[in-house]
Asks: 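Handing you this structure, nothing more for now.
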Amino acid sequence: MNQDYIIPNEWSIIEEGFNSEKVKSSESLFSIGNGAMGQRANFEENYSGETFQGSYIGGVYYPDKTRVGWWKNGYPEYFAKVLNAPNWIGINVLINEEKLDLNTCKEVSKFKRELNMQEGCLSRSFEAVLQNGIKINVATKRFLSLEIDEIGAISYNITLLNSDAKITYIPYIDAGITNEDTNWDDQFWDVLKVSQNNQQSYIEARTMKTHFYTCTFMESRFFIDNKEVEVSGKSEQTSNLISSTYQQDIKENQTFTIHKFGGYVVDRDHAKEGLVAAAKVALDKAVSFGFDVLLEKQKESWAQIWSMSDITIEGDVKAQQGIRFNIFQLNQTYLGTDASLNIGPKGFTGEKYGGSTYWDTEAYCIPFYMATKDQSVARTLLEYRYNHLDKAIENAGKLGFTNGAALYPMVTMNGEECHNEWEITFEEIHRNGAIAFAIYNYYRFTNDYSYIPEKGLEVLIGIARFWQQRATFSSDKNKFMILGVTGPNEYENNINNNFYTNYIAKWCINYALENIETVKTDHVSDYIRIKEKVNFTDEELVKWKSVADGMYFPYSEKNKVYLQQDGFLDKELITVANLDKSQRPINQKWSWDRILRSPYIKQADTLQGFYMFEDDFSTEELERHFDFYEPFTVHESSLSPCVHSIQAAKLDRMDQAYTFYLRTSRLDLDDYNHEVEEGLHITSMAGTWMSIVEGFGGMRVKNNTLSFAPKIPKGWKAYSFKVNFRHQVITVNVSQKGTEFILAGKEAIDILVDGEQVTVSPNN
């Protein structure tokens, strides 16, 4: 834990007291989004202190040319950058012509910021004394609408506390913005037109290179003591900014309010020639509702989301706040309404990692969306990868693979690889396995096989072809090896025979072969279509099988464990407990050379395999491997604590499972890795959900049956969650006394509880 200023609360993230050193961290933690767009929690008024300004539009990116010291064949041409979009939230505020700026005020008191997760809105309040001696109270509220996902709304209220004064509001939209994350300091936006129509203002712009056309817009309304008033405005504009100045004489103790509506329309949803017209439609609808009605609709929308996805915890406020924060941010980032979008590691909260799609979606996020929404949302995520299959084949072709072999990218926006670190781009190929595993996981949970003959089998074949070609036969060991890889543990690069990579490669080939036979038997027309399209032969399948059957797995007879890679035991095996705390985190303290030679593991690696394929191993084997590898794990990946929490719970080590759970759920709130100001760890938040549902709840699908093995941390009174299993919603209530299952479906369902079959009837 590296910070402890967020006040524990079951439904809100709360900060009290203004501290300029925490501004950037809070801008991340209080971020808001609605699936279509999002923004960091920047102040609406001018702030001259250190800040990370960021507003983002889903699916809009820039191909920032790769910057490396030495170009290597196969390198991606660019690294896709999520773009800081034109800023529509800005409202400059002047009191008797002096600008309000919390960095220069004489005094700031009673500062409070609150992210109300139950209602989906951000609020802030404070009192300030300006340099001219005028004291004011400011109260703001802001949200990104779920009702109209192109609209955001702001209510900004100023009350004069010690004198009459002239208050000036200057709402603006600004397209002269830059990215924090850029390789060459390129200009990302080309402003096409700045215009105004009555009280509505527009900036039309397009991204350079990718040519996404956008229109950023705004409109404002004014109130004195909650009564709407007409205030005449004076408009000014430059080549990339438009503002309107509104002045009003206000008496002491009166409140002057601006309601500002703004947002984006993009040519992904509208004709590029009609963006201003589309913006007008959105603004007219929002203004006709008004701020208060739109806020009520926001509350209703979030109530519907929470009715299915909420997890309740009794007796541990910090744990409750943590899980709701994670669930809230996941739903802000992705709602499953647009098949061309996916879940970036930072979501709409920052620019690190390019904001693109990683293997995190398939390994961690799909289980969350599959169980808390309709299964169509998870299927949409699978279809996203199917739609990129041709690009995956093209990516593999650039590296020398042939015959339709597919290598899915480590990082992507449109299916092309756009990660520019060689040890990741070329070597972290286990990501291919996560794509295939997600198809299996989807069918296992939903019992919807239709995706595989319609689309999934083509993906599985491309992946199997890749693994068969990537394997190298060793005449010395008479086994197939996979050489020169980086496993999930990114603190080892260019190693041979990473256990997890080899294991998932073998599994992928066998799973593809299994489904070819199933489709051949049960879906004949699809089989004929696929066979003609991808042109596989029986001889080719024999080659696949020989690779799977002959796969090599390094093993230590002395320790009775599979080795993370061939040379793991050659390292100086000093456990984390014996590592000087001043050296942590090692990724910020050590050279990369030193990290690579160390035994320290960034996240679950061999144990990732034991998590995903737990039915292949006994509990005793899991315990042996957990006891061997966890002591060397520094958990410096956001994806690490959740897997270890699930496995510790399975081993009935509940104190350890709880410690890992608290770390994953409060990873950002408590800034464990000294980096929250860069943005939140969105995809790992799905792992937090898994820590409770799969860890403490023990939820699995075994023999086509939903199974639970509930456990409860000793400090909790009770917890509950819901899962949508094959169109039937089951509520699981776990307390220190026992477990209760409630079914909201239409027909009774058989489940397993601690291995025993139980029939749950509807509403009983």
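Just so it is clear, the values below take in all heavy atoms, side chains as well, and ignore hydrogens, waters and symmetry mates.
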Asks: Would you please name every residue forming a side-chain contact (heavy atoms from CB on, under 4.5 Å) with Ser28, sequence neighbours left out?
Replies: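 With sequence neighbours excluded, Ser28 shows a side-chain contact (heavy atoms from CB on, under 4.5 Å) to Arg40, Val676, Leu680, given in chain and number order.
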Asks: Under 3.5 Å, is there a donor-acceptor pair linking the side chains of Tyr5 and Glu16?
Replies: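 Distance-only check fails for Tyr5 and Glu16.
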Asks: Under 6.0 Å between ring centres, would you say that holds for Tyr169 and Phe256?
Replies: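 Under 6.0 Å, so yes.
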Asks: Is the closest side-chain heavy-atom distance between Arg113 and Phe43 below 4.5 Å?
Replies: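 SC-SC contact between Arg113 and Phe43 confirmed.
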Asks: Between Tyr334 and Phe368 (judged by ring centroids, cut-off 6.0 Å), do the two rings come close enough to count as a pair?
Replies: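 Here the rings of Phe368 and Tyr334 have centres that are no less than 6.0 Å from each other.
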Asks: Do Leu579 and Ile586 make a side-chain contact, defined as non-hydrogen atoms from C-beta onward lying under 4.5 Å apart?
Replies: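 Yes, their side chains come closer than 4.5 Å.
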Asks: Please name all residues satisfying side-chain hydrogen bond (donor to acceptor under 3.5 Å, both in side chains) with Tyr62, sequence neighbours left out, ordered by chain then number.
Replies: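 Expected list: Asp186.
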Asks: If you round to the nearest 0.5 Å, how far is CD of Glu677 from OG of Ser25?
Replies: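 One gets 5.5 Å once the value is rounded to the nearest 0.5 Å.
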Asks: Could you tell me if the side chain of Leu146 sits less than 4.5 Å from the side chain of Gln298, heavy atoms only?
Replies: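 A side-chain contact exists here, since the closest heavy-atom pair is under 4.5 Å.
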Asks: Give, for atom CG of Leu115 and atom CD1 of Ile14, the distance between the pair rounded to the nearest 0.5 Å.
Replies: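 These two atoms lie 10.0 Å from each other.
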Asks: Any heavy-atom pair between the side chains of Met690 and Tyr611 that's under 4.5 Å?
Replies: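 Yes; the side chains approach each other to less than 4.5 Å.
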Asks: Taking atom CD as the centre, does Glu50 end up with more than 12 heavy-atom neighbours from other residues, nucleotides or ligands that are less than 6.0 angstrom away?
Replies: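 Atom CD in Glu50 is not crowded, with 12 or fewer foreign heavy atoms closer than 6.0 Å.
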Asks: Got a salt bridge between Glu492 and Lys602, using NZ or NE/NH1/NH2 to carboxylate O under 4.0 Å?
Replies: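 Between Lys602 and Glu492 there is no salt bridge, as every charged N stays at least 4.0 Å from the carboxylate O atoms.
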Asks: List the atom of Ala434, the atom of Trp359, and the distance in Å for their closest heavy-atom pair.
Replies: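 Between these two residues, the closest heavy atoms are CB-CE3, 3.8 Å.
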Asks: Roughly how far apart are Met308 CE and Lys373 NZ, rounded to 0.5 Å?
Replies: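 Answer for the CE-NZ pair, Met308 versus Lys373, is 9.5 Å.
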Asks: Nearest heavy-atom pair of Leu607 and Gln647: which atoms, and what distance?
Replies: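 That closest heavy-atom pairing would be O-NE2, 2.9 Å.
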Asks: Test of understanding: with side-chain hydrogen bond (donor to acceptor under 3.5 Å, both in side chains), list the residues that count as partners of Lys24, not counting sequence neighbours.
Replies: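 side-chain hydrogen bond (donor to acceptor under 3.5 Å, both in side chains) list for Lys24, sorted by chain: empty.
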Asks: Verify the distance criterion only: is there a donor paired with an acceptor across the side chains of Asn240 and Trp189 at less than 3.5 Å?
Replies: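 Absent: no donor and acceptor within the cut-off.
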Asks: For atom CD of Gln583, is the number of surrounding heavy atoms from other residues, nucleotides or ligands below 6.0 Å larger than 12?
Replies: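 Atom CD in Gln583 is crowded, with more than 12 foreign heavy atoms closer than 6.0 Å.
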Asks: When you check the gap from the basic side-chain N to the acidic O, do Arg124 and Glu114 get nearer than 4.0 Å?
Replies: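 Answer for the salt bridge query: no.
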Asks: Given salt bridge (Lys or Arg N to Asp or Glu O under 4.0 Å), test Glu675 with Lys352 step by step and report yes or no.
Replies: CA-CA 10 Å; Glu675 58 184 10; Lys352 191 176 180 182; 3.5 Å; yes
Asks: Only counting residues at least two apart or in another chain, list the ones meeting salt bridge (charged side-chain N to carboxylate O under 4.0 Å, His left out) with Asp149.
Replies: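 Once residues adjacent in sequence are excluded, Asp149 has no partner under the salt bridge (charged side-chain N to carboxylate O under 4.0 Å, His left out) criterion.
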Asks: Taking the six-membered ring for Trp, is the centroid-to-centroid distance between Trp590 and Tyr491 below 6.0 Å?
Replies: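 Here the rings of Tyr491 and Trp590 have centres that are no less than 6.0 Å from each other.
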Asks: For residues Ser591 and Arg594, determine if any side-chain heavy atom of one lies less than 4.5 Å from a side-chain heavy atom of the other.
Replies: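 Yes; the side chains approach each other to less than 4.5 Å.
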Asks: Quick one: does NZ or CZ of Lys260 land under 6.0 Å from the six-membered ring centre of Tyr172, within 45 degrees of the ring axis?
Replies: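 Yes.
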Asks: Excluding sequence neighbours, so at least two apart, what forms salt bridge (charged side-chain N to carboxylate O under 4.0 Å, His left out) with Lys22?
Replies: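 So Lys22 forms no salt bridge (charged side-chain N to carboxylate O under 4.0 Å, His left out) with any residue.
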Asks: Which residues satisfy the ring pair (Phe, Tyr, Trp, His ring centres under 6.0 Å) test with Phe52, sequence neighbours excluded?
Replies: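 For Phe52 there are no ring pair (Phe, Tyr, Trp, His ring centres under 6.0 Å) partners, ignoring immediate neighbours.
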Asks: Would you tell me whether Tyr719 and Asp316 have side-chain atoms, one donor and one acceptor, within less than 3.5 Å of each other?
Replies: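 Checked: Tyr719/Asp316 side chains show no N/O donor-acceptor pair below 3.5 Å.
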Asks: Mind listing the closest non-hydrogen atom pair of Leu144 and Gly152 along with its distance?
Replies: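 Looks like CD2-CA, 3.8 Å.
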Asks: Rounded to the nearest 0.5 Å, how far does CD1 of Ile177 lie from CG of Leu241?
Replies: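 One finds 11.5 Å between CG of Leu241 and CD1 of Ile177.
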Asks: Taking all non-hydrogen atoms of both residues, which atom of Ser48 and which atom of Asn103 are closest, and how far apart?
Replies: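 Scanning both residues, the minimum pair turns out to be OG-ND2, 3.1 Å.
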Asks: Answer yes if the side chains of Thr357 and Thr412 hold a donor-acceptor pair under 3.5 Å, and no otherwise.
Replies: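 Thr412 and Thr357 do not have a side-chain donor-acceptor pair below 3.5 Å.
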Asks: Provide the closest heavy-atom pair for Pro8 versus Lys318 in the form atom of the first, atom of the second, distance.
Replies: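 Heavy atoms only, the tightest pair is CG-CE, 3.9 Å.
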Asks: Once salt bridge (charged side-chain N to carboxylate O under 4.0 Å, His left out) is applied, do any residues pair with Lys110, and if so which ones, sequence neighbours excluded?
Replies: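 Testing Lys110 for salt bridge (charged side-chain N to carboxylate O under 4.0 Å, His left out), a comparison that skips the adjacent residues, returns Glu127.
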Asks: Can you sort out the partners of Thr425 under side-chain contact (heavy atoms from CB on, under 4.5 Å), two or more places apart, ordered by chain and number?
Replies: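 With sequence neighbours excluded, Thr425 shows a side-chain contact (heavy atoms from CB on, under 4.5 Å) to Pro76, Glu417, His419, given in chain and number order.
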Asks: Using the side-chain hydrogen bond (donor to acceptor under 3.5 Å, both in side chains) criterion, which residues pair with His635? Sequence neighbours excluded.
Replies: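 Partners of His635 by the side-chain hydrogen bond (donor to acceptor under 3.5 Å, both in side chains) criterion, ordered by chain and then number, come out as Glu630, Ser640.
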Asks: Check Gln608 against Val643 and note the closest heavy-atom contact, atom names and distance.
Replies: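 So the two residues come closest at OE1-CG2, 3.7 Å.
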Asks: We want to know whether Thr210 and Thr207 form a side-chain donor-acceptor pair, criterion being a heavy-atom distance below 3.5 angstrom.
Replies: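 A pair is found: one side chain offers a donor N or O, the other an acceptor, under 3.5 Å apart.
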Asks: Under the rule for side-chain hydrogen bond (donor to acceptor under 3.5 Å, both in side chains), what residues qualify as partners of Tyr56, not counting sequence neighbours?
Replies: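 Result, side-chain hydrogen bond (donor to acceptor under 3.5 Å, both in side chains) vs Tyr56: Glu351.
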Asks: Please check if any side-chain donor atom of Gln321 sits under 3.5 Å from a side-chain acceptor atom of Asn9, or the reverse.
Replies: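 Not at all, the side chains of Gln321 and Asn9 share no donor-acceptor pair under 3.5 Å.
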Asks: Go through the structure and list residues passing side-chain contact (heavy atoms from CB on, under 4.5 Å) with Val693, not counting sequence neighbours.
Replies: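 Residues passing side-chain contact (heavy atoms from CB on, under 4.5 Å) with Val693: Ile311, Trp689, Met699, Phe721, Val723.
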Asks: Could you give me the CA-CA distance, side-chain angles and deciding distance for Lys299 and Glu296, then say whether salt bridge (Lys or Arg N to Asp or Glu O under 4.0 Å) is met?
Replies: CA-CA 5 Å; Lys299 295 175 183 178; Glu296 286 304 311; 3.2 Å; yes
Asks: With sequence neighbours left out, what residues match Asp580 under salt bridge (charged side-chain N to carboxylate O under 4.0 Å, His left out)?
Replies: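 So Asp580 forms no salt bridge (charged side-chain N to carboxylate O under 4.0 Å, His left out) with any residue.
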